[in-house]
Each structure stands twice: as C-alpha cells, then as structure tokens.
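I have placed the structure first, in the form of structure tokens, so that the comments after it can refer back to it.
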Amino acid sequence: MASTKQSSRTTVLEEVAMIGLDVAMPTAHFVGLGATGQALALRRRSKSKVLEVTAKMEPCRIGLEDCCGLHHIGRQLLAWGHAVKLMPPKYDKPFVNRPWCVPANAWPD
C-alpha cells in the first residue's frame, strides 16, 4: 500500500512544469505547478530535502527570491539542468495579510 502512495508522488513530481521556492526560513515551502498553472504539489521540507527532490526531477523552471544565501542553491539547481529565475525581493508579496510563515511567498504570480 505504501508503494502506491510513493508511486503517485513520483508521478505528480514528473508532471511539474514550474516550481516556486521560498527558502528564507529553515524549512522551505515548495509549490509545484503543472503546465496549465494548477497546483500539483504543496510541501514544506528542509532545504536539504528540497534539493534532494529537485536533483531527481526532470529539468523545469524554478523561481527563487534573490537573497544572499540563494545564489549557492541557484547554482546547484542550474548544474542539474533546471532553469532558475532569481526574482528581486520587491516582487515578493511584501504585505500579505497572513502569518509570515505560510507558503504564500512561494506562489509565482
């Protein structure tokens, strides 16, 4: 039964066309979007787990907020063949009326 659940997770990650990552905290918010923009995967993982998952995925577009620690992560993702887009912090939603620890910043607009 667990193998069916694992196989459905891998098929969902195979269908992901674009990823939004918010890695500003110790845990990263991962949003995987399909080709038509529907959310396929919403996860909160540690940064190392996110890197493990993206290393195994087919190359896709990944959006990251541009800050001092993310250049290293961006270079790792580029080495694996992903198209990385570093966005300035001013394009991150600065005044979201939610707690700051929700994955709202990972959603690409």
Side-chain angles (χ1 to χ4, degrees):
M1 186 170 202
S3 62
T4 307
K5 189 174 183 180
Q6 182 65 24
S7 65
S8 66
R9 285 181 182 171
T10 56
T11 56
V12 166
L13 291 178
E14 290 173 358
E15 296 175 7
V16 169
M18 182 175 20
I19 297 172
L21 287 176
D22 182 17
V23 292
M25 298 180 300
T27 58
H29 293 279
F30 175 95
V31 177
L33 300 176
T36 59
Q38 75 278 15
L40 297 176
L42 299 169
R43 297 195 174 119
R44 186 178 76 192
R45 301 280 188 254
S46 66
K47 291 179 189 178
S48 61
K49 291 286 185 185
V50 169
L51 289 176
E52 287 177 17
V53 169
T54 53
K56 297 175 186 175
M57 290 178 63
E58 292 292 320
C60 63
R61 293 178 10 191
I62 299 178
L64 295 166
E65 181 184 359
D66 186 15
C67 70
C68 59
L70 292 184
H71 292 281
H72 174 68
I73 293 173
R75 283 191 294 271
Q76 283 183 329
L77 295 171
L78 281 172
W80 293 325
H82 297 288
V84 177
K85 175 72 175 171
L86 296 175
M87 296 171 282
K90 72 177 186 176
Y91 291 125
D92 198 14
K93 299 175 200 167
F95 300 107
V96 177
N97 286 334
R98 296 182 198 106
W100 63 274
C101 60
V102 296
N105 291 335
W107 283 94
D109 284 332

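Shown here are the side chain to side chain contact (heavy atoms under 4.5 Å, CB included) partners of Leu78, two or more places apart in sequence or in another chain: Val84.
Of all the heavy atoms in Phe30 and Val50, the pair that sits closest is CD1-CG1, 4.3 Å. The two residues Val16 and Cys60 make their nearest non-hydrogen contact at O-CB, 4.2 Å. Here the shortest heavy-atom pairing between His82 and Glu58 reads CE1-O, 3.4 Å.
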Name each donor-acceptor pair under 3.5 Å that joins a side chain in residues 68-77 to protein atoms two or more places apart or in another chain, with its distance.
| residue | atom | partner | partner atom | Å |
| --- | --- | --- | --- | --- |
| His71 | NE2 | Asp66 | OD1 | 3.0 |

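Atom CD1 of Ile19 and atom CZ of Arg61 lie 11.5 Å apart (nearest 0.5 Å). The CZ atom of Arg43 sits 12.0 Å away from atom CG of Leu21, with the distance rounded to the nearest 0.5 Å. Note that CE of Met18 is 12.0 Å distant from NZ of Lys85, once rounded to the nearest 0.5 Å.
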For Ile62 and Trp80: C-alpha separation, side-chain torsions, deciding distance, then whether side chain to side chain contact (heavy atoms under 4.5 Å, CB included) applies.
CA-CA 12 Å; Ile62 299 178; Trp80 293 325; over 6 Å; no
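Annotation: side chain to side chain donor-acceptor pair (under 3.5 Å) contacts involving residues 48-57, sequence neighbours excluded, comprise Ser46-Ser48.
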